Amino acid sequence: MSTPVPSVPPEPEVRPGPAQRLKRLLLGGPKDLQDPHLFRHISLVAFLAWVGLGADGLSSSAYGPEEAFKNLGEHTYLAVFLAAATAFTVLIIAAAYSRVIEHFPFGGGGYVVASRLLGPRAGVVSGCALIVDYVLTISISIAAGGDAIFSVLPDGARWANQPIAGIPLKLHVELAGVLILVLLNLRGVKESVTVLTPIFLVFLATHALVIATGIGLHLGRAGEVVHEVSTGLSHGMSTLGAGGLALLFVRAYSLGGGTYTGIEAVSNGLQIMREPRVRTARRTMAYMALSLAVTASGIILCYLLLDVRYADPDHTMNSLLAAKVAGGVQILGLPVGRWFVFVTLLSEALLLFVAAQAGFIDGPRVMANMAHDSWFPHRFGALSDRLTMQNGVLLMGGAGVAMLIYTRGRVDALVVMYSINVFLTFSLTQIAMIRYWLKRETRRKQPHWKSHIWIHLVGGALCVVILTITVVEKFAEGGWLTVMATGALIALCMAIRRHYAEVFTRLQRLDQILDALPTQRVPKRSLDKDKPTAVLLVGGYSGLGIHSLLTVVKLLPRHFKNVLFVTVGVVDSATFQGVEEVDRVREQAEEGLRKYVDQAERMGLPADYRVGMGTEAVAECVRVAGDIAREYPRAIFFAGKLIFERERWFDRFLHNETAYAMQRRLQFAGLPMVVLPVRVLETVEAPTA
């Protein structure tokens with residue numbers, strides 16, 4: 001049998017087309033995995049991590065304190081205790097998550113904690129709650145930002161509702177904000193955070209000045225404030241009783257639970273931190289906790305001291321507060337105060353857009369962790385050539401857009417849905433850590449365990465109380481939709497996990513081939529580059545790869561004189577931890593290839609291997625194939641492809657189409673490739689070699 005020798009000309013210089021040039025302009029060029037300084041270039045120091053992840057928590061001061069204060073009703077004197085409780089809760093939850101960072105230094109946050117300490121079912125509940133939470137983080141941040149922007153513009157309420165193609169202008173602005181954040185995050189996390197840093201700094205400066213001025217101007221009447229609070233408490237006790245007043249306070253405290261959202265973001269995004277990661281993450285957590293505690297509690301106190309009341313739905317309480325503090329200030333006849341109020345409110349509005357960044361950073365990472373455990377399609381663990389989780393970013397952006405369209409950008413509808421899942425994850429995390437510290441082996445190894453567990457006991461109790469009251473109070477107002485969405489996602493994840501487990505069980509039968517292979521060693525023979533060469537594209541060493549080798553030998557007996565095994569060490573989100581992890585992936589790939597070579601030589605075939613490294617298997621395989629074709633001009637390429645006995649619509653989505661994609665690329669390059677079907681039967685039968 002004669003095989004035509006493919007002509008492999010020198011690799012020409014490929015000029016990118018218009019689509020590639022536009023992609024390069026929008027997303028930037030690919031990053032080099034071989035760069036020893038790569039991880040330092042793309043990782044975040046504590047300050048930048050505070051911007052990227054802390055903006056979510058800090059921005060909640062735009063709506064969390066307001067929601068809590070409004071629910072006090074006429075009993076505003078309780079704001080003193082509400083401010084203290086808010087600051088205390090922020091610090092306790094942050095301290096608890098700092099312990100999570102210490103014990104789980106590779107990230108994953110609530111999903112990994114619940115999976116490891118409570119079991120995979122609790123883990124998938126926590127993971128799904130986090131994903132829905134981060135979708136809502138994007139939606140509510142963008143929606144609240146849109147409201148804030150139009151509230152500071154002259155006649156903003158009229159412009160916000162101005163229809164364009166049947167859609168209000170405000171919703172157009174919000175959808176454009178999501179699109180911009182998607183593009184920024186496809187370019188890379190550090191690039192997106194750097195762009196957004198000035199907004200974060202302006203927000204900090206302006207709000208610090210508002211809070212300091214609002215409290216500082218009333219320090220002289222501290223005694224009067226104490227008297228007002230004491231009088232109010234006496235009146236409240238006489239009208240509502242101690243129990244009624246306590247219930248009112250707890251309800252207001254719980255319904256302001258949106259204030260605490262985003263605190264868990266640091267533990268989920270640990271992979272993007274600069275080494276040493278744990279120290280950087282704990283410093284980031286400290287920045288976030290202190291800034292949020294001071295800002296949220298300070299705003300609540302200022303509401304009380306300056307007698308700010310919610311009256312006009314077109315103006316937030318923060319806008320009324322800023323106007324009372326600085327609105328009337330003039331310098332040399334210039335309305336400096338009004339300018340300051342405008343900048344303050346604009347920075348708050350834009351920070352809400354920045355806060356959506358946490359959803360784009362941490363949401364795809366939770367998906368990637370779940371994909372690694374087969375709860376999510378495996379493709380969500382892949383990285384783009386910009387080393388971003390492109391599939392996760394696009395899914396988060398699309399889901400955020402869908403939620404904005406469904407709710408028409410209404411913050412009051414989104415905030416209810418938002419808080420429930422946040423505190424579901426918080427509660428599961430604290431329960432998991434309590435269980436960890438109560439284990440006998442932990443208590444034996446950690447004699448000071450009592451000094452650690454109390455933080456999780458207090459934090460867990462606070463989270464469970466807030467979760468319970470929020471669900472009871474807001475279930476009929478939209479909370480039911482969050483419960484349904486999270487439940488549906490959990491059911492979907494369980495179906496995906498069950499499918500992968502069934503396929504894995506069926507493929508294990510191929511490993512029985514390994515027991516029937518020859519074990520006697522034969523003298524090593526050198527390869528003849530001018531003879532027909534079979535190039536097998538394989539993964540890790542398993543019966544699946546050996547099945548492909550035996551199929552080639554069976555189809556074309558005594559034709560091929562050489563065998564080359566090729567694999568690509570794919571760097572995904574699970575292995576993208578540092579240069580050492582990339583090297584480990586390469587070593588693991590080479591170890592499997594050496595086993596293939598050894599087995600082929602025992603079968604009497606001269607063999608060798610090639611390994612590539614990349615974030616995407618197809619592109620790297622095509623590059624390696626071009627090099628092989630120039631070295632072995634009579635090479636024919638082979639790759640296995642799973643063929644299901646009853647293929648369903650989701651099989652192609654859950655299992656990659658690498659073999660077909662490579663076949664198309666290689667055939668257009670003039671290189672022959674054959675896809676070998678590997679049957680996945682509904683019933684397990686004995687394999688034949």
Side-chain angles (χ1 to χ4, degrees), residues 378 500-527 531-570 585-612 617 621 624-625 628 632 635-645 655-660 662-663 666 672-681 683-689:
H378 290 161
Y500 280 130
E502 290 173 356
V503 172
F504 178 76
T505 300
R506 293 171 195 159
L507 288 178
Q508 277 188 312
R509 68 186 180 86
L510 296 176
D511 291 342
Q512 300 173 27
I513 296 175
L514 302 177
D515 298 329
L517 295 174
T519 58
Q520 184 178 1
R521 291 192 173 276
V522 297
K524 187 176 180 66
R525 296 162 54 189
S526 59
L527 283 71
K531 295 292 181 66
T533 302
V535 182
L536 269 71
L537 308 172
V538 295
Y541 183 72
S542 67
L544 183 61
I546 295 297
H547 178 274
S548 299
L549 174 61
L550 296 176
T551 302
V552 170
V553 173
K554 181 179 179 180
L555 289 175
L556 301 169
R558 295 182 296 278
H559 173 68
F560 292 108
K561 308 304 179 185
N562 311 309
V563 177
L564 278 178
F565 295 94
V566 177
T567 194
V568 171
V570 176
V585 172
R586 180 190 293 277
E587 291 169 4
Q588 190 176 33
E590 290 182 343
E591 181 182 356
L593 290 173
R594 283 192 289 268
K595 291 180 180 179
Y596 278 119
V597 169
D598 186 51
Q599 191 58 62
E601 289 176 343
R602 291 176 184 176
M603 296 168 60
L605 291 169
D608 199 0
Y609 70 84
R610 299 287 186 275
V611 63
C621 270
V624 174
I628 291 173
Y632 294 85
I636 298 180
F637 297 85
F638 296 88
K641 172 70 175 70
L642 299 182
I643 304 296
F644 293 90
E645 186 175 4
H655 301 275
N656 61 52
E657 299 289 302
T658 302
Y660 289 148
M662 288 178 53
Q663 186 181 49
L666 291 182
M673 178 174 171
V674 178
V675 175
L676 303 171
V678 179
R679 296 180 301 166
V680 181
L681 302 176
T683 57
V684 177
E685 62 180 33
T688 56

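All values reported here derive from a predicted model rather than from experimental measurement. All residue numbers refer to positions in the sequence shown, counting from 1.
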S.K.: According to salt bridge (Lys or Arg N to Asp or Glu O under 4.0 Å), who are the partners of K561, at least two apart in sequence or on a separate chain?
M.R.: none
S.K.: Identify the heavy atoms of P677 and H547 that sit nearest to each other, and give their distance.
M.R.: O-CE1, 4.2 Å
S.K.: Enter the distance from Q599:CD to L550:CG here, rounded to the nearest 0.5 Å.
M.R.: 8.5 Å
S.K.: Taking all heavy atoms of L536 and all of G545, pick out the closest pair and write down the distance.
M.R.: CD2-O, 4.3 Å
S.K.: How many angstroms lie between atom OH of Y609 and atom CG of D598, to the nearest 0.5 angstrom?
M.R.: 12.5 Å
S.K.: E591: what forms a side chain to side chain contact (heavy atoms under 4.5 Å, CB included) with it, not counting sequence neighbours?
M.R.: R594, K595
S.K.: What is the minimum heavy-atom distance between A607 and A600, and which atoms define it?
M.R.: CB-CB, 3.8 Å
S.K.: Quick one: CG on L537 to CD1 on I628, what's the gap to the nearest 0.5 Å?
M.R.: 7.5 Å
S.K.: Are Y632 and V535 side-chain neighbours, meaning at least one heavy-atom pair lies under 4.5 Å?
M.R.: no
S.K.: For a 4.5 angstrom cut-off between non-hydrogen side-chain atoms, does Y500 reach H378?
M.R.: yes
S.K.: What I'd like to find out is whether the side chain of M603 reaches to under 4.5 Å of the side chain of V563, using heavy atoms alone.
M.R.: no
S.K.: Closest approach of K531 and N562, non-hydrogen atoms and distance?
M.R.: O-ND2, 3.7 Å
S.K.: Check whether any side-chain heavy atom of V538 sits under 4.5 Å from a side-chain heavy atom of L593, and report yes or no.
M.R.: yes
S.K.: For a quick test of reading the model, state the closest non-hydrogen atom pair linking A589 to T567 and the distance between them.
M.R.: CB-CG2, 3.8 Å
S.K.: Run the ring-ring contact (aromatic ring centres under 6.0 Å, His included) test against Y596 and tell me which residues pass, sequence neighbours left out.
M.R.: Y541, F565
S.K.: Might you point out which heavy atoms bring L676 and V552 nearest each other, and give the distance in Å?
M.R.: CD1-CG2, 3.7 Å
S.K.: Going by heavy atoms in the side chains, are T533 and L527 under 4.5 Å from each other?
M.R.: no
